[in-house]
Protein chains: 2
Amino acid sequence: MKWMEVTSTQEKILQAAKTLMLSKGYPATTVDEICAKAKVSKGSFYHAFSSKEELGVSLLEWYHQGGTEKIFGGSFNEVKDPKKKMLEFLDHVDRSSKELWHDGCLLGNLGMELAETSPKIRLEVSSHFKKLTHRLEAIFEPAAQSKAANGGYSAKELAEQFLVMLEGSIVLARVNKDWGVVKRGFQNFRAHLQSLSQ
Amino acid sequence: MKWMEVTSTQEKILQAAKTLMLSKGYPATTVDEICAKAKVSKGSFYHAFSSKEELGVSLLEWYHQGGTEKIFGGSFNEVKDPKKKMLEFLDHVDRSSKELWHDGCLLGNLGMELAETSPKIRLEVSSHFKKLTHRLEAIFEPAAQSKAANGGYSAKELAEQFLVMLEGSIVLARVNKDWGVVKRGFQNFRAHLQSLSQ
DNA sequence: CATACTAGACCAACTAGTCGGTTTAGTCAA
DNA sequence: TTGACTAAACCGACTAGTTGGTCTAGTATG
(Lines give C-alpha, C1' and ligand atoms only; values in the text may rest on other atoms or scores of the structure.)
Protein backbone atom coordinates (compact mmCIF):
# COMPACT_ATOMS: atom_id res chain seq x y z
CA MET A 1 0.00 0.00 0.00
CA LYS A 2 1.46 3.32 -1.05
CA TRP A 3 0.91 5.74 1.77
CA MET A 4 1.23 8.82 -0.37
CA GLU A 5 -2.04 7.93 -2.01
CA VAL A 6 -4.55 6.33 0.35
CA THR A 7 -7.80 6.54 -1.53
CA SER A 8 -10.99 7.49 0.22
CA THR A 9 -12.30 3.97 -0.36
CA GLN A 10 -9.29 2.48 1.38
CA GLU A 11 -9.66 5.00 4.17
CA LYS A 12 -13.33 4.13 4.65
CA ILE A 13 -12.49 0.44 4.77
CA LEU A 14 -9.61 0.97 7.19
CA GLN A 15 -11.77 3.06 9.52
CA ALA A 16 -14.57 0.50 9.50
CA ALA A 17 -12.18 -2.41 9.95
CA LYS A 18 -10.48 -0.64 12.84
CA THR A 19 -13.73 -0.15 14.72
CA LEU A 20 -15.00 -3.66 14.06
CA MET A 21 -11.73 -5.46 14.79
CA LEU A 22 -11.16 -3.50 17.99
CA SER A 23 -14.58 -4.60 19.12
CA LYS A 24 -14.80 -8.20 17.92
CA GLY A 25 -11.30 -9.15 16.89
CA TYR A 26 -9.94 -10.17 13.51
CA PRO A 27 -11.45 -13.60 12.83
CA ALA A 28 -14.90 -12.62 14.08
CA THR A 29 -14.98 -9.58 11.80
CA THR A 30 -16.24 -10.53 8.36
CA VAL A 31 -15.41 -8.84 5.09
CA ASP A 32 -19.12 -8.37 4.39
CA GLU A 33 -19.52 -6.58 7.70
CA ILE A 34 -16.61 -4.28 6.95
CA CYS A 35 -18.11 -3.49 3.53
CA ALA A 36 -21.49 -2.74 5.06
CA LYS A 37 -20.02 -0.43 7.71
CA ALA A 38 -17.75 1.31 5.21
CA LYS A 39 -20.62 1.57 2.71
CA VAL A 40 -18.49 -0.02 0.04
CA SER A 41 -19.25 -2.97 -2.20
CA LYS A 42 -17.47 -6.30 -2.03
CA GLY A 43 -15.96 -5.58 -5.42
CA SER A 44 -14.52 -2.30 -4.21
CA PHE A 45 -13.09 -4.02 -1.17
CA TYR A 46 -11.19 -6.55 -3.23
CA HIS A 47 -10.13 -3.81 -5.59
CA ALA A 48 -8.61 -1.88 -2.69
CA PHE A 49 -7.14 -4.87 -0.81
CA SER A 50 -6.13 -8.20 -2.24
CA SER A 51 -7.27 -10.21 0.81
CA LYS A 52 -8.49 -9.91 4.36
CA GLU A 53 -4.98 -10.58 5.62
CA GLU A 54 -3.51 -7.83 3.45
CA LEU A 55 -6.12 -5.49 4.90
CA GLY A 56 -4.91 -6.58 8.33
CA VAL A 57 -1.32 -5.68 7.53
CA SER A 58 -2.30 -2.33 6.01
CA LEU A 59 -4.58 -1.63 8.94
CA LEU A 60 -1.75 -2.18 11.40
CA GLU A 61 0.49 0.18 9.44
CA TRP A 62 -2.26 2.82 9.24
CA TYR A 63 -3.15 2.41 12.92
CA HIS A 64 0.48 2.61 14.01
CA GLN A 65 1.05 5.73 11.92
CA GLY A 66 -2.00 7.50 13.32
CA GLY A 67 -1.20 6.38 16.84
CA THR A 68 2.42 7.50 16.91
CA GLU A 69 1.39 10.89 15.56
CA LYS A 70 -0.90 11.38 18.52
CA ILE A 71 1.49 9.86 21.07
CA PHE A 72 4.64 11.65 20.01
CA GLY A 73 3.03 14.81 18.71
CA GLY A 74 2.21 16.72 21.87
CA SER A 75 3.52 20.06 23.07
CA PHE A 76 5.95 18.24 25.38
CA ASN A 77 8.28 18.24 22.41
CA GLU A 78 9.04 21.93 22.97
CA VAL A 79 10.32 21.31 26.50
CA LYS A 80 14.09 21.53 26.64
CA ASP A 81 14.90 19.91 29.98
CA PRO A 82 14.89 16.13 29.33
CA LYS A 83 13.48 15.18 32.70
CA LYS A 84 10.65 17.70 32.47
CA LYS A 85 10.05 16.60 28.91
CA MET A 86 9.78 12.98 30.03
CA LEU A 87 7.22 13.75 32.70
CA GLU A 88 5.21 15.99 30.38
CA PHE A 89 5.24 13.22 27.79
CA LEU A 90 3.71 10.85 30.34
CA ASP A 91 1.03 13.37 31.23
CA HIS A 92 0.29 13.91 27.56
CA VAL A 93 -0.11 10.18 26.83
CA ASP A 94 -2.13 9.73 30.00
CA ARG A 95 -4.52 12.48 28.90
CA SER A 96 -4.82 10.95 25.41
CA SER A 97 -5.05 7.38 26.65
CA LYS A 98 -8.83 7.04 26.72
CA GLU A 99 -9.17 8.36 23.20
CA LEU A 100 -6.35 6.13 21.99
CA TRP A 101 -7.08 2.86 23.74
CA HIS A 102 -10.53 2.90 25.25
CA ASP A 103 -11.67 0.18 22.88
CA GLY A 104 -8.38 -1.71 23.11
CA CYS A 105 -5.12 -1.69 21.20
CA LEU A 106 -5.13 -3.07 17.68
CA LEU A 107 -1.47 -4.08 17.90
CA GLY A 108 -2.12 -6.14 21.00
CA ASN A 109 -5.41 -7.54 19.70
CA LEU A 110 -4.30 -8.71 16.28
CA GLY A 111 -0.88 -9.68 17.57
CA MET A 112 -2.35 -12.02 20.15
CA GLU A 113 -5.07 -13.45 17.94
CA LEU A 114 -2.85 -14.14 14.98
CA ALA A 115 0.53 -14.78 16.61
CA GLU A 116 0.35 -18.51 15.85
CA THR A 117 -1.72 -18.47 12.67
CA SER A 118 -0.39 -15.57 10.60
CA PRO A 119 3.37 -15.08 10.73
CA LYS A 120 3.03 -12.07 8.44
CA ILE A 121 0.83 -10.21 10.91
CA ARG A 122 2.81 -11.30 13.96
CA LEU A 123 5.99 -9.90 12.40
CA GLU A 124 4.20 -6.71 11.41
CA VAL A 125 3.00 -6.18 14.98
CA SER A 126 6.40 -7.07 16.40
CA SER A 127 8.10 -4.55 14.15
CA HIS A 128 5.66 -1.81 15.15
CA PHE A 129 6.29 -2.56 18.83
CA LYS A 130 10.01 -2.33 18.20
CA LYS A 131 9.60 1.06 16.52
CA LEU A 132 7.57 2.25 19.51
CA THR A 133 10.20 0.95 21.93
CA HIS A 134 12.84 2.88 20.07
CA ARG A 135 11.01 6.19 20.26
CA LEU A 136 10.17 5.66 23.93
CA GLU A 137 13.80 4.94 24.77
CA ALA A 138 14.84 8.42 23.74
CA ILE A 139 12.22 9.95 26.00
CA PHE A 140 12.88 7.79 29.05
CA GLU A 141 16.64 8.38 28.91
CA PRO A 142 16.66 10.73 31.93
CA ALA A 143 15.42 7.90 34.15
CA ALA A 144 17.86 5.36 32.78
CA GLN A 145 20.93 4.22 34.65
CA SER A 146 23.95 2.23 33.63
CA LYS A 147 23.15 -1.39 34.18
CA ALA A 148 25.73 -1.65 36.97
CA ALA A 149 23.60 0.60 39.17
CA ASN A 150 21.60 -1.31 41.73
CA GLY A 151 17.89 -1.24 40.98
CA GLY A 152 18.50 0.78 37.85
CA TYR A 153 17.13 0.13 34.39
CA SER A 154 18.29 0.94 30.89
CA ALA A 155 16.12 3.18 28.73
CA LYS A 156 15.23 0.13 26.66
CA GLU A 157 14.05 -1.75 29.74
CA LEU A 158 11.97 1.24 30.80
CA ALA A 159 10.37 1.42 27.37
CA GLU A 160 9.51 -2.27 27.62
CA GLN A 161 8.06 -1.77 31.10
CA PHE A 162 5.91 1.04 29.75
CA LEU A 163 4.50 -1.11 26.96
CA VAL A 164 3.92 -3.98 29.37
CA MET A 165 2.02 -1.65 31.69
CA LEU A 166 0.01 -0.25 28.79
CA GLU A 167 -0.99 -3.56 27.19
CA GLY A 168 -1.61 -5.24 30.51
CA SER A 169 -3.79 -2.49 31.88
CA ILE A 170 -5.78 -2.37 28.63
CA VAL A 171 -6.55 -6.07 29.03
CA LEU A 172 -7.74 -5.67 32.61
CA ALA A 173 -9.63 -2.47 31.86
CA ARG A 174 -11.62 -4.08 29.05
CA VAL A 175 -12.37 -7.27 30.91
CA ASN A 176 -13.39 -5.51 34.13
CA LYS A 177 -14.93 -2.54 32.31
CA ASP A 178 -12.93 -0.29 34.61
CA TRP A 179 -10.81 2.35 32.95
CA GLY A 180 -9.27 3.21 36.32
CA VAL A 181 -6.79 0.37 35.83
CA VAL A 182 -5.13 2.30 33.00
CA LYS A 183 -5.20 5.56 34.94
CA ARG A 184 -3.51 3.91 37.92
CA GLY A 185 -1.01 2.26 35.58
CA PHE A 186 0.08 5.64 34.25
CA GLN A 187 0.20 7.11 37.73
CA ASN A 188 2.39 4.30 39.04
CA PHE A 189 4.70 4.41 36.05
CA ARG A 190 5.12 8.13 36.48
CA ALA A 191 6.10 7.65 40.11
CA HIS A 192 8.46 4.86 39.04
CA LEU A 193 10.28 7.07 36.53
CA GLN A 194 10.32 10.04 38.87
CA SER A 195 11.97 8.08 41.65
CA LEU A 196 14.54 6.75 39.17
CA SER A 197 15.45 10.19 37.83
CA GLN A 198 15.88 11.92 41.17
CA MET B 1 -21.17 -28.01 34.77
CA LYS B 2 -20.97 -29.94 38.01
CA TRP B 3 -17.36 -30.05 39.01
CA MET B 4 -17.73 -33.07 41.21
CA GLU B 5 -18.27 -35.19 38.15
CA VAL B 6 -16.24 -34.09 35.14
CA THR B 7 -16.53 -36.99 32.75
CA SER B 8 -13.57 -38.13 30.72
CA THR B 9 -15.32 -36.94 27.55
CA GLN B 10 -15.67 -33.47 29.03
CA GLU B 11 -12.07 -33.55 30.16
CA LYS B 12 -10.84 -34.55 26.70
CA ILE B 13 -12.86 -31.77 25.13
CA LEU B 14 -11.67 -29.19 27.68
CA GLN B 15 -8.03 -30.16 27.16
CA ALA B 16 -8.34 -29.98 23.37
CA ALA B 17 -10.24 -26.69 23.51
CA LYS B 18 -7.65 -25.20 25.83
CA THR B 19 -4.78 -26.00 23.49
CA LEU B 20 -6.60 -24.82 20.38
CA MET B 21 -8.04 -21.65 21.88
CA LEU B 22 -4.73 -20.64 23.40
CA SER B 23 -3.18 -20.98 19.99
CA LYS B 24 -5.85 -19.56 17.68
CA GLY B 25 -8.34 -17.86 19.93
CA TYR B 26 -12.00 -18.56 20.49
CA PRO B 27 -13.71 -17.63 17.22
CA ALA B 28 -11.04 -19.20 15.03
CA THR B 29 -11.32 -22.51 16.88
CA THR B 30 -14.11 -24.60 15.42
CA VAL B 31 -16.19 -27.20 17.17
CA ASP B 32 -15.22 -29.78 14.54
CA GLU B 33 -11.56 -29.10 15.23
CA ILE B 34 -12.04 -29.55 18.95
CA CYS B 35 -13.87 -32.84 18.34
CA ALA B 36 -11.10 -34.09 16.08
CA LYS B 37 -8.37 -33.20 18.55
CA ALA B 38 -10.28 -34.67 21.49
CA LYS B 39 -11.16 -37.76 19.43
CA VAL B 40 -14.80 -37.32 20.23
CA SER B 41 -17.77 -37.20 17.90
CA LYS B 42 -19.93 -34.18 17.39
CA GLY B 43 -22.79 -35.96 19.10
CA SER B 44 -20.66 -36.48 22.19
CA PHE B 45 -19.62 -32.87 22.15
CA TYR B 46 -23.17 -31.60 22.17
CA HIS B 47 -24.07 -34.16 24.77
CA ALA B 48 -21.32 -32.84 27.06
CA PHE B 49 -21.81 -29.12 26.34
CA SER B 50 -24.94 -27.40 25.16
CA SER B 51 -23.09 -24.88 22.98
CA LYS B 52 -19.69 -23.53 22.08
CA GLU B 53 -20.24 -20.60 24.41
CA GLU B 54 -21.11 -22.90 27.32
CA LEU B 55 -17.90 -24.78 26.62
CA GLY B 56 -16.11 -21.43 26.81
CA VAL B 57 -17.54 -20.68 30.24
CA SER B 58 -16.74 -24.17 31.55
CA LEU B 59 -13.29 -24.00 30.04
CA LEU B 60 -12.56 -20.76 31.89
CA GLU B 61 -13.73 -22.28 35.15
CA TRP B 62 -11.63 -25.42 34.59
CA TYR B 63 -8.61 -23.39 33.51
CA HIS B 64 -8.90 -21.05 36.47
CA GLN B 65 -9.21 -23.96 38.87
CA GLY B 66 -6.15 -25.74 37.49
CA GLY B 67 -4.19 -22.51 37.32
CA THR B 68 -4.82 -21.37 40.87
CA GLU B 69 -3.88 -24.80 42.17
CA LYS B 70 -0.47 -24.45 40.56
CA ILE B 71 -0.02 -20.78 41.43
CA PHE B 72 -1.06 -20.96 45.07
CA GLY B 73 0.02 -24.51 45.74
CA GLY B 74 3.78 -24.21 46.14
CA SER B 75 5.93 -24.91 49.17
CA PHE B 76 6.04 -21.17 49.92
CA ASN B 77 2.85 -21.82 51.87
CA GLU B 78 4.89 -23.39 54.68
CA VAL B 79 6.94 -20.23 55.20
CA LYS B 80 5.86 -18.39 58.34
CA ASP B 81 7.48 -14.95 57.92
CA PRO B 82 5.05 -13.01 55.65
CA LYS B 83 7.76 -11.08 53.84
CA LYS B 84 9.79 -14.20 53.11
CA LYS B 85 6.62 -15.96 52.06
CA MET B 86 5.80 -13.19 49.64
CA LEU B 87 9.21 -13.34 47.98
CA GLU B 88 9.16 -17.11 47.79
CA PHE B 89 5.72 -16.95 46.23
CA LEU B 90 7.10 -14.69 43.52
CA ASP B 91 9.99 -17.07 42.87
CA HIS B 92 7.59 -19.98 42.72
CA VAL B 93 5.29 -18.31 40.18
CA ASP B 94 8.30 -17.10 38.20
CA ARG B 95 9.60 -20.68 37.97
CA SER B 96 6.17 -21.98 36.94
CA SER B 97 5.46 -19.11 34.56
CA LYS B 98 6.66 -20.76 31.36
CA GLU B 99 4.63 -23.88 31.99
CA LEU B 100 1.60 -21.82 32.92
CA TRP B 101 1.62 -19.09 30.31
CA HIS B 102 4.03 -19.92 27.55
CA ASP B 103 1.16 -20.22 25.07
CA GLY B 104 -0.72 -17.27 26.51
CA CYS B 105 -3.35 -16.82 29.18
CA LEU B 106 -6.85 -18.09 28.46
CA LEU B 107 -8.44 -15.52 30.75
CA GLY B 108 -6.76 -12.68 28.88
CA ASN B 109 -7.35 -14.23 25.47
CA LEU B 110 -11.05 -15.01 25.75
CA GLY B 111 -11.68 -11.92 27.83
CA MET B 112 -10.27 -9.64 25.17
CA GLU B 113 -11.80 -11.42 22.20
CA LEU B 114 -15.28 -11.70 23.65
CA ALA B 115 -15.46 -8.62 25.91
CA GLU B 116 -17.87 -6.87 23.54
CA THR B 117 -19.65 -9.83 22.00
CA SER B 118 -20.31 -12.23 24.87
CA PRO B 119 -21.28 -10.59 28.16
CA LYS B 120 -21.49 -14.00 29.78
CA ILE B 121 -17.85 -14.78 29.08
CA ARG B 122 -16.64 -11.27 29.92
CA LEU B 123 -18.28 -11.50 33.33
CA GLU B 124 -16.88 -14.97 33.85
CA VAL B 125 -13.34 -13.74 33.13
CA SER B 126 -13.82 -10.64 35.23
CA SER B 127 -14.97 -12.72 38.19
CA HIS B 128 -11.94 -15.02 37.86
CA PHE B 129 -9.60 -12.03 37.82
CA LYS B 130 -11.29 -10.69 40.92
CA LYS B 131 -10.79 -14.02 42.70
CA LEU B 132 -7.13 -13.97 41.72
CA THR B 133 -6.76 -10.39 42.95
CA HIS B 134 -8.20 -11.41 46.28
CA ARG B 135 -5.76 -14.24 46.82
CA LEU B 136 -2.82 -12.12 45.71
CA GLU B 137 -3.77 -9.36 48.12
CA ALA B 138 -3.21 -11.62 51.12
CA ILE B 139 0.25 -12.51 49.88
CA PHE B 140 1.39 -9.00 49.01
CA GLU B 141 0.26 -7.58 52.35
CA PRO B 142 3.86 -7.21 53.68
CA ALA B 143 4.63 -4.73 50.91
CA ALA B 144 1.43 -2.76 51.35
CA GLN B 145 1.33 0.61 53.05
CA SER B 146 -1.52 2.73 54.28
CA LYS B 147 -2.60 4.92 51.40
CA ALA B 148 -1.41 8.04 53.19
CA ALA B 149 2.19 6.91 52.80
CA ASN B 150 3.98 8.67 49.97
CA GLY B 151 4.67 6.31 47.10
CA GLY B 152 2.97 3.47 48.93
CA TYR B 153 0.36 1.11 47.55
CA SER B 154 -2.42 -0.92 49.10
CA ALA B 155 -2.30 -4.72 48.79
CA LYS B 156 -5.14 -4.52 46.30
CA GLU B 157 -3.20 -2.08 44.12
CA LEU B 158 -0.15 -4.33 44.25
CA ALA B 159 -2.25 -7.31 43.19
CA GLU B 160 -3.58 -5.28 40.28
CA GLN B 161 -0.06 -4.22 39.31
CA PHE B 162 1.00 -7.85 39.34
CA LEU B 163 -1.81 -8.91 37.02
CA VAL B 164 -1.12 -5.95 34.74
CA MET B 165 2.55 -6.94 34.57
CA LEU B 166 1.63 -10.56 33.90
CA GLU B 167 -0.95 -9.98 31.16
CA GLY B 168 1.09 -7.22 29.54
CA SER B 169 4.29 -9.19 29.41
CA ILE B 170 2.45 -12.23 28.02
CA VAL B 171 1.19 -10.07 25.15
CA LEU B 172 4.66 -8.74 24.33
CA ALA B 173 6.31 -12.12 24.80
CA ARG B 174 3.96 -13.82 22.33
CA VAL B 175 4.12 -11.08 19.74
CA ASN B 176 7.91 -10.73 19.91
CA LYS B 177 8.47 -14.44 20.53
CA ASP B 178 10.74 -13.45 23.40
CA TRP B 179 9.98 -15.05 26.74
CA GLY B 180 12.55 -12.78 28.36
CA VAL B 181 9.90 -10.08 28.64
CA VAL B 182 8.03 -12.15 31.22
CA LYS B 183 11.22 -13.05 33.08
CA ARG B 184 12.18 -9.39 33.33
CA GLY B 185 8.63 -8.54 34.39
CA PHE B 186 8.88 -10.89 37.34
CA GLN B 187 12.34 -9.65 38.22
CA ASN B 188 11.23 -6.02 38.22
CA PHE B 189 8.11 -6.75 40.21
CA ARG B 190 10.16 -8.60 42.78
CA ALA B 191 12.46 -5.62 43.16
CA HIS B 192 9.42 -3.36 43.38
CA LEU B 193 7.88 -5.33 46.25
CA GLN B 194 11.21 -5.75 48.00
CA SER B 195 11.89 -2.03 48.02
CA LEU B 196 8.38 -1.42 49.36
CA SER B 197 8.70 -3.91 52.19
CA GLN B 198 12.05 -2.78 53.50
C1' DC C 1 -36.05 -53.02 28.99
C1' DA C 2 -34.19 -48.15 30.02
C1' DT C 3 -30.88 -44.88 30.51
C1' DA C 4 -26.48 -42.75 29.19
C1' DC C 5 -23.63 -42.03 25.75
C1' DT C 6 -21.72 -42.16 20.83
C1' DA C 7 -21.72 -41.85 15.88
C1' DG C 8 -21.53 -39.03 11.82
C1' DA C 9 -24.82 -37.63 8.08
C1' DC C 10 -27.20 -33.61 7.57
C1' DC C 11 -28.87 -28.60 7.55
C1' DA C 12 -29.41 -23.63 7.06
C1' DA C 13 -26.62 -19.85 7.51
C1' DC C 14 -22.56 -17.85 6.66
C1' DT C 15 -17.56 -17.42 4.91
C1' DA C 16 -13.65 -15.43 1.88
C1' DG C 17 -13.00 -14.63 -2.48
C1' DT C 18 -14.36 -14.32 -7.86
C1' DC C 19 -16.13 -12.59 -12.06
C1' DG C 20 -18.55 -10.41 -15.87
C1' DG C 21 -20.23 -6.25 -16.51
C1' DT C 22 -21.09 -1.01 -15.43
C1' DT C 23 -19.90 3.58 -14.03
C1' DT C 24 -16.75 7.35 -13.62
C1' DA C 25 -12.93 10.45 -14.69
C1' DG C 26 -9.52 11.80 -17.55
C1' DT C 27 -7.18 12.35 -22.28
C1' DC C 28 -6.98 13.63 -26.82
C1' DA C 29 -8.16 14.76 -31.50
C1' DA C 30 -11.29 17.27 -34.50
C1' DT D 1 -17.66 21.87 -27.37
C1' DT D 2 -18.05 17.40 -28.84
C1' DG D 3 -17.47 12.59 -29.08
C1' DA D 4 -14.26 8.53 -29.19
C1' DC D 5 -11.22 5.99 -26.35
C1' DT D 6 -9.08 4.27 -22.06
C1' DA D 7 -8.18 2.78 -17.52
C1' DA D 8 -9.16 2.64 -13.03
C1' DA D 9 -12.77 2.18 -9.70
C1' DC D 10 -16.95 -0.01 -8.59
C1' DC D 11 -20.91 -3.24 -8.29
C1' DG D 12 -23.31 -7.33 -6.31
C1' DA D 13 -24.78 -11.97 -7.69
C1' DC D 14 -22.35 -16.05 -7.43
C1' DT D 15 -19.29 -20.09 -5.92
C1' DA D 16 -17.16 -23.53 -3.20
C1' DG D 17 -16.29 -24.52 1.09
C1' DT D 18 -17.06 -23.97 6.22
C1' DT D 19 -19.74 -22.93 10.40
C1' DG D 20 -22.40 -24.07 14.80
C1' DG D 21 -25.82 -26.92 15.77
C1' DT D 22 -29.51 -30.91 15.02
C1' DC D 23 -31.16 -35.42 14.33
C1' DT D 24 -31.82 -40.20 13.80
C1' DA D 25 -29.79 -44.46 14.37
C1' DG D 26 -27.27 -46.88 16.94
C1' DT D 27 -24.23 -49.15 21.19
C1' DA D 28 -22.98 -50.05 25.95
C1' DT D 29 -24.31 -50.76 30.56
C1' DG D 30 -27.44 -51.19 34.43
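Keep in mind the model is a prediction, meaning the values are calculated, not measured. Reminder, nothing fancy here: chain letters follow the sequence lines and each chain counts from 1. Both backbone and side-chain heavy atoms feed into the values below; hydrogens, waters and symmetry mates do not.
- The aromatic rings of W179(A) and H102(A) sit tilted relative to each other, their planes meeting at an angle between 30° and 60°.
- Rounded to a whole Å, the CZ atom of F49(A) is 18 Å from the C1' atom of dT18(C).
- Using a 4.0 Å heavy-atom distance criterion, S50(B) is classed as making no nucleic acid contact.
- Distance from the side chain of V31(B) is smallest to dG20(D) among dG20(D), dA7(C), dC11(D).
- The CD1 atom of I13(A) sits 13 Å away from the C1' atom of dC11(D) (whole-angstrom rounding).
- Both G43(A) and A28(A) lie near DNA chain C, and the one whose nearest nucleotide falls closer to the 5' end is A28(A).
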Exercise. Determine, step by step, whether M112(B) and E113(A) satisfy the side chain to side chain contact (heavy atoms under 4.5 Å, CB included) criterion, reporting the C-alpha distance in whole Å, the side-chain angles of both residues, the deciding distance to 0.1 Å, and the verdict.
Key: CA-CA 10 Å; M112(B) 282 298 275; E113(A) 288 184 325; over 6 Å; no
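- Defined by atom type and a distance below 3.5 Å, a donor-acceptor pair is present between the side-chain atoms of E124(B) and H128(B).
- Rounded to whole Å, the distance from CD on E54(B) to C1' on dG20(D) is 14 Å.
- The backbone N or O of S96(A) sits nowhere less than 3.5 Å from a side-chain atom of E99(A) that would complete a donor-acceptor pair.
- For the OP1/OP2 pair of dC10(D) and a distance below 4.0 Å, the side-chain nitrogens and oxygens of T9(A) include at least one atom meeting the criterion.
- When atom types are taken as modelled, the side chain of Y26(A) and the backbone of E53(A) share a donor-acceptor pair closer than 3.5 angstrom.
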Exercise. Could you please spell out the steps behind the side chain to side chain contact (heavy atoms under 4.5 Å, CB included) verdict for S118(B) and R122(B)?
Key: CA-CA 6 Å; S118(B) 168; R122(B) 188 193 67 77; over 6 Å; no
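- Between the NZ atom of K42(B) and the C1' atom of dT24(D) there is a distance of 15 Å, rounded to whole Å.
- The distance between atom CG of D32(A) and atom P of dG17(D), rounded to the nearest whole Å, is 19 Å.
- If you check every strand for non-hydrogen atoms under 4.0 Å, K52(B) touches sugar and phosphate atoms only.
- Taking 4.0 angstrom as the limit, H47(A) places a side-chain polar atom (N or O) nearer than this to OP1 or OP2 of dA9(D).
- OP1 or OP2 of dT6(C) has not a single side-chain nitrogen or oxygen of S41(B) nearer than 4.0 Å.
- Aromatic ring orientation, F186(A) versus F162(A): perpendicular (interplanar angle above 60°, classes split at 30° and 60°).
- Rounded to whole Å, atom P of dA4(C) lies 14 Å from atom CD of Q10(B).
- A heavy-atom distance below 4.0 Å to DNA chain C is reached by none of the residues of residues 113-125 of chain B.
- Rounded to an integer number of Å, the gap from Y46(B) OH to dG8(C) C1' is 14 Å.
- Spacing between atom CZ of F45(B) and atom P of dT22(D) amounts to 11 Å, rounded to whole angstrom units.
- Close to dC11(D), at under 4.0 Å from its OP1 or OP2, lies a side-chain N or O of S44(A).
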